[in-house]
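Read the structure below first, then the notes.
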Amino acid sequence: MIPKLRSLLPNVKRPNSMEKTLLTIIILYAMTVSVVNKHFFTLGTLADLTRNGATMAILAAGVYVIMIAGGIDVSFPAVAIMSGYTSVVFAVNAKINSILVILIIAAVIGAVLGAINALLIHWLELPTFIVTLGTSSIFYGLMTTTVGTKPVTISKMPSSLLEFGRCNIVSFTVNGQQNGISIFFLISIFVYIFVWFIMNHTSLGHSIYAIGNSEEFARRAGLPVLGIKLFIYPLMGVLAAIMAIISFANLKFVDPTSIMGTELTVIAAVVIGGTRITGGYGTLFGTFLGVALTQLLNNTLVFLGLKSSWNNLFIGGVMIAAVVAIYYGEKLRNRKNMSFLG
């Protein structure tokens, strides 16, 4: 590896102390809820958490890659809606009843929209937040004017999409009701294995860390910055498309407004997981733990007798604490490094 490029990768495999802290918090919180409410620690609750958390987990994996590269994408809800809704509407109008075809159409649309983001970010040389904020409105507006916003009800949805929503990898009965671990959870695990392999065992993954530390130095080191962006943003688009189809299948209702406004919660989960907002530092396992904690807070406050309106308060507090911990830890590491050099 080029020495200059190696210098840009100080944190690729460095253990993240946030992971241990998050894991401890999750365990203690789960124990507290189970003591307060005995109905929490059940197979049914586990099934609900894995089913409802799969969509956020898939989106968080894409956001993690983009944030490692030093970017922030807020257009992925619009990408998800446009790709997912368009593919379902097309399938209904063309009388296509294949979940595989629907997923492929959605993934292609998502990849194209992601590529548009990548090209605009690279050519305009503007902050990724500004560009994706603009494309979010463009993508959603394009969908509303060309495809429409009429919901697709359960009676009109392709039966394969409904069957996809009912598919479980493990089934069991809880209080006389059929339940199980959804295939959505398995898909999210496959996504994480793929992203983990790319980020930790390929030169592409190392290059993503490199441009997150310094895009200018990465460019001088000979890295194809545009090519890297043309991977990470289309990847986000594909993951957003898959998430949209999963969400529609889970809800048994295709609402073209249902996913809008979820970007801040997903980004918060990734930041809580220890990924640095400025890029170049973070782990996928930390992101997974951030999603797990966020999902626990979103779905278990009711077990503590609290209203859902407390969710944002708790998530916001955890996010601030995570950011403080990340940057305080970074300051301590920098001081140690300076002391060592001195």
Side-chain angles (χ1 to χ4, degrees), residues 48 51-60 62-63 66 72-94 96 99 102-103 105-114 116-117 129-158 160-162 164-165 182 184 187-188 233 236-270 291 294-295 298-299 307-309 311-312 315-316:
D48 291 339
R51 173 180 287 272
N52 297 330
T55 51
M56 180 185 288
I58 291 172
L59 288 178
V63 171
I66 289 177
I72 296 181
D73 184 1
V74 294
S75 69
F76 61 83
V79 173
I81 285 293
M82 184 172 181
S83 56
Y85 179 70
T86 302
S87 63
V88 173
V89 170
F90 176 79
V92 171
N93 293 334
I96 296 173
I99 186 62
I102 294 173
L103 282 169
I105 295 173
V108 170
I109 296 173
V112 170
L113 298 180
I116 292 173
N117 273 337
F129 176 81
I130 299 299
V131 175
T132 56
L133 184 63
T135 56
S136 176
S137 298
I138 293 173
F139 294 156
Y140 189 73
L142 182 63
M143 185 203 71
T144 58
T145 55
T146 59
V147 184
T149 58
K150 185 179 180 180
V152 181
T153 60
I154 187 172
S155 61
K156 296 181 179 180
M157 289 174 63
S160 62
L161 185 59
L162 296 173
F164 180 55
S182 173
F184 304 156
I187 293 173
S188 66
Y233 288 96
M236 181 74 253
V238 171
L239 295 180
I242 294 173
M243 172 269 177
I245 299 302
I246 289 177
S247 178
F248 295 153
N250 189 32
L251 294 173
K252 298 179 177 60
F253 184 69
V254 181
D255 182 3
T257 63
S258 60
I259 305 173
M260 296 301 292
T262 59
E263 60 274 13
L264 294 183
T265 302
V266 178
I267 292 173
V270 178
V291 171
T294 303
Q295 200 62 32
N298 279 333
N299 290 270
K307 296 180 179 179
S308 59
S309 56
N311 288 356
N312 291 336
I315 293 174

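Note that the coordinates shown come from a computational prediction; the quantities given were computed from them, not determined experimentally. In this chain, numbering begins with 1 at the start of the sequence shown.
A 4.5 Å side-chain heavy-atom check between I105 and T86 finds every atom pair outside the cut-off. Considering only heavy atoms from C-beta on, I267 comes within 4.5 Å of V74 through its side chain.
One finds the CE atom of M82 at 6.5 Å from the CD1 atom of I109 (value rounded to the nearest 0.5 Å). Rounding to the nearest 0.5 Å places CG of L113 at 8.0 Å from OG of S75. Rounding to the nearest 0.5 Å places CG of N250 at 5.0 Å from CZ of R51. Residue F248 holds its CZ atom at 11.5 Å from OG1 of T55, rounded to the nearest 0.5 Å. Interatomic distance, F164 CZ to I187 CD1, rounded to the nearest 0.5 Å: 3.5 Å.
Heavy atoms only, all atoms of each residue included: I102 and P158 are closest at CD1-CG, 4.0 Å. Contact record, T262 with P77: OG1-CG, 3.9 Å, taken as the closest heavy-atom pair. What you find for F76 and A240 is that their closest heavy atoms are O-CB, 3.7 Å. Shortest non-hydrogen contact noted between I72 and I66 is N-CG2, 4.0 Å. Residues A249 and L161 share a closest heavy-atom pair of CB-O, 3.5 Å. Looking at every heavy atom in both residues, G53 comes nearest to Q295 through CA-CD, 3.6 Å.
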Going through the checks in order, is the side-chain contact (heavy atoms from CB on, under 4.5 Å) test met by M243 and I259? CA-CA 10 Å; M243 172 269 177; I259 305 173; 3.7 Å; yes

Going through the checks in order, is the side-chain contact (heavy atoms from CB on, under 4.5 Å) test met by M143 and I81? CA-CA 8 Å; M143 185 203 71; I81 285 293; 3.4 Å; yes

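Between the side chain of S87 and the main chain of S83, a donor-acceptor pair closer than 3.5 Å is present. Of the possible polar contacts, none joining the S247 side chain to the A244 backbone as a donor-acceptor pair under 3.5 Å is found. Without hydrogens or angle criteria, Y85 side chain to K150 main chain gives a donor-acceptor distance under 3.5 Å.
Each of V63, L59, T294 was scored for a side-chain contact (heavy atoms from CB on, under 4.5 Å) with V270, with one residue passing: V63.
Side-chain contact, N117 with T132: no donor N or O sits under 3.5 Å from an acceptor N or O.
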